[in-house]
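Numbers restart at 1 for each chain; the letters A, B, ... are given by sequence-line order, proteins then strands.
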Amino acid sequence: MTVVEALLSQEPDEREATPEFEAAAARQESRRGFLMALPAYAYLVLFFAVPLIIVIVYSFATRNRFGGTDLSGWNLDSYAKLGEPIVRDILFRSVWLALLTTIICLVIAYPFAYFLSTRSPAIRNVMLVFVMIPFWTNFLVRNYAWRVILGNDGPFTRTTEALGLGEQELLFSQTAVVLGLVYGYLPFMILPLYAAVERIDHGLLEASRDLYASGYQSFRRVLLPLSMPGVIAGSILVFVPSLGAYVTPEILGGAKTTLLGSYIVTQFLTARNWPFGASLSFVLMAIMLVTTIIYFRKGGRTL
Amino acid sequence: MNSTPAVDIKGITKRFGDVVAVDNIDLEIADGEFFAMLGPSGCGKTTTLRMIAGLDFPTTGSLKIFGEEVGTLPPNKRPVNTVFQNYALFPHLNVIDNVAFGLRMQGVAKAGARKQAVEMIELVHLGGLENRKASQMSGGQQQRVALARALVNHPKVLLLDEPLGALDLKLRQEMQGELKRLQKELGISFVFVTHDQEEALTMSDRIAVMDEGKLLQVAKPEEIYERPANRFVADFIGQTNLLDGTVEDASTVCLANGARVRAKSSFPVGEKVAVSLRPERAQIAQRDDAVDGGSAVDGVVESVTYLGNARVYGIKLDWMDLEVREENRPGATLHEPGSQVTIAWDSEAVSVVAG
């Protein structure tokens, strides 16, 4: 029911409008809605839907021996290639590291979000600004900064040496990649979590304590279920970009830790196998989509 | 009845920064008592309740529940449960899981907890609504769920923080009776916080009146109404007219206009006091008619408010205004605005409070 209909139906006897007027008003309302959404529709179709279709089409095409793509002889070869051990390893490793990144972000961000929600509004705002300050510096620059910190003779190595742990090096390892990803995406976890936790009536936590819940039970049975929308939103916002991450693994990861993002770039630029790159991209997107749907379904049930 | 007080508060003070919310109060609540804490908002009554619940800790003082010192025990370690002002029902749980929550947290197995919850839900007349969510219920129903959720744990003391505040009048009166019935049935102490003096008077065995963190009077409803401890209590409980004056001797007060009225008091001679005259305790008569009663003042009717069961006259005296209430009995004389009248009362009808 549109707003106009709702207003009209309140006093059916006194309204002067005829049914024709009502229908016309409803039509006008929906036309106006469409017009307002038009720029967004146009943008999405042009720059999202069309390229996506091109990617899907290319994934069924054939690479010719000159490194070009023949848009004929459609086949599933590039999907069959996904089963090869090297590709499978990269896929599993990417999913695993993205999952790890998401979990670490969640564990770090949740207590912080709760802490933030219990502060006075003035302190909250200051701390939220602190959370967002890293965004003021270019993502690439920040990743290179980590390279310096973790690299040969960098602060990290010197600290481990000073502590008598020997010359430890983290750079070009999976640990370094996860560290960089957590660093890069932590704010995306904090903000939705904070928004969700902040909305929860503190009285509910008091009620649970009054009803014999310990601090942990109060978290597990009341706070966590009620903040699930934030947990879901934050996890998606971290998992999805982590899965397709390109910059951070390129800069902080070594040759041994090739991830999906880098591998796709290699297919397009170095190997010049566009159909395979396209099929990889499509699978990546499918994983993200399925994860998101499952997560939302699950969230929808618990709420 | 147990001789150990259910709640025993000694010298409790609670400060929030520079604000003294509760100022050195002593209070004993007996087992099985329906006890009301009454006062305007910000008087410290809710803070006192929260300290009993363990949701706030006292800054100084001793707080015992059935003889056991609980001053800084967390709420989950205390044998009390609370019905919160906005009910604080868990929105992600249905009625039965809300009610079973406390039992589950105490380690009662799911089936047993649910069975007890169902019984309690029936006791508060919500049978059949077990699977509803809180958001699908009316205010009155939510109130009953909150009550069941607290009572299912068999607390030794039930704390209620303005539980009827959000209900409309009819439902409120119904719930007042219901609470009283439950309290009698269960035989446990109810500590009831309210700012509604009528509610406190009708429901409680005893009332504590608080203002600005201080305990002003703790007594039975009759005593609070008939013999208020001070000006604030006299004014806060029910309606009253406060006539300023000075004590002349043990049974006479000289009012501000020089009139002498008979009123017993134990204040020293010369003390500034106020004579509290309840609107329903005064009689109103035409100026020249004979009046009975020990004291009288002259005035002019300024307004008449018709209440159905009574009329309230606004009377203008030379030095102040009075309210007089007359029951709407057959044959009651109607005094028009502008009539010259005499207001008379018996010396037993008034109380004297410190001015």
Side-chain angles (χ1 to χ4, degrees), chain A residues 106 110-111 113-115 117-124 126 192-236 294-303, chain B residues 17 46 49-57 73-94 97-108 110 113 117 120 133-135 142 145-155 157-162:
Chain A
L106 197 56
Y110 203 106
Y114 179 75
F115 171 76
S117 73
T118 57
R119 298 302 103 182
S120 72
I123 293 176
R124 282 182 205 184
V126 171
L193 268 183
Y194 165 72
V197 171
E198 194 258 349
R199 250 190 15 224
I200 298 170
D201 176 9
H202 199 76
L204 295 173
L205 301 179
E206 291 192 333
S208 72
R209 295 307 305 275
D210 185 67
L211 293 163
Y212 308 106
S214 65
Y216 170 73
Q217 285 171 319
S218 187
F219 162 75
R220 180 66 192 79
R221 299 290 162 201
V222 179
L223 191 61
L224 188 61
L226 287 176
S227 57
M228 237 352 146
V231 173
I232 290 166
S235 298
I236 290 171
I294 291 174
Y295 235 103
F296 269 118
R297 279 271 176 84
K298 202 162 171 279
R301 259 207 306 278
T302 54
L303 288 173
Chain B
T46 296
L49 193 83
R50 288 173 57 86
M51 285 193 285
I52 301 173
L55 299 169
D56 280 322
F57 293 145
L73 274 186
N76 52 326
K77 301 265 168 67
R78 299 182 183 213
V80 300
N81 289 109
T82 310
V83 175
F84 291 88
Q85 184 167 15
N86 55 2
Y87 318 132
L89 299 179
F90 303 124
H92 59 300
L93 301 178
N94 59 17
D97 288 332
N98 260 288
V99 175
F101 190 91
L103 295 171
R104 296 285 293 136
M105 292 301 113
Q106 290 177 95
V108 177
K110 192 162 189 168
M120 193 48 75
K133 293 240 167 151
S135 54
Q142 292 187 24
V145 177
L147 203 57
R149 188 177 69 169
L151 289 174
V152 77
N153 305 294
H154 303 292
V157 180
L158 183 72
L159 309 172
L160 304 107
D161 186 5
E162 306 236 5

A.B. asks: Please tell me if the side chains of Pro74(B) and Arg209(A) come closer than 4.5 Å, counting only heavy atoms from C-beta onward.
C.D. replies: yes
A.B. asks: How many angstroms lie between CZ in Arg50(B) and CG in Asp210(A), if you round to the nearest 0.5 Å?
C.D. replies: 10.0 Å
A.B. asks: If the contact rule is any heavy atom under 4.5 Å from chain B, which residues of residues 215-224 of chain A qualify, in numerical order?
C.D. replies: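 Residues of residues 215-224 of chain A touching chain B at under 4.5 Å: Gln217(A), Arg221(A), Val222(A).
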A.B. asks: Is it the side chain or the backbone of Leu89(B) that comes within 4.5 Å of chain A heavy atoms, both, or neither?
C.D. replies: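 For Leu89(B), the backbone is the part near chain A, not the side chain.
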A.B. asks: Given a strict heavy-atom distance threshold of 4.5 Å, which part of Phe90(B) is in contact with chain A: side chain, backbone, both, or neither?
C.D. replies: both
A.B. asks: Looking at every heavy atom in both Met105(B) and Tyr212(A), which two are closest together, and how far apart are they?
C.D. replies: CB-O, 3.5 Å
A.B. asks: Could you look at Asp201(A) and say if it's the side chain, the backbone, both or neither that has a heavy atom under 4.5 Å from chain B?
C.D. replies: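 Only the side chain of Asp201(A) comes within 4.5 Å of chain B.
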A.B. asks: Leu93(B) versus Pro225(A): any side-chain heavy-atom pair under 4.5 Å?
C.D. replies: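 No, side chains not in contact.
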A.B. asks: Taking all non-hydrogen atoms of both residues, which atom of Ala88(B) and which atom of Gly203(A) are closest, and how far apart?
C.D. replies: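 Here Ala88(B) and Gly203(A) meet closest at CB-O, 3.9 Å.
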A.B. asks: How long is the straight-line distance from CG of Leu211(A) back to CG of Leu103(B), given to the nearest 0.5 Å?
C.D. replies: 9.0 Å
A.B. asks: Can you name the nearest heavy-atom pair linking Phe101(B) to Ala213(A), along with the distance?
C.D. replies: CE2-CB, 4.1 Å
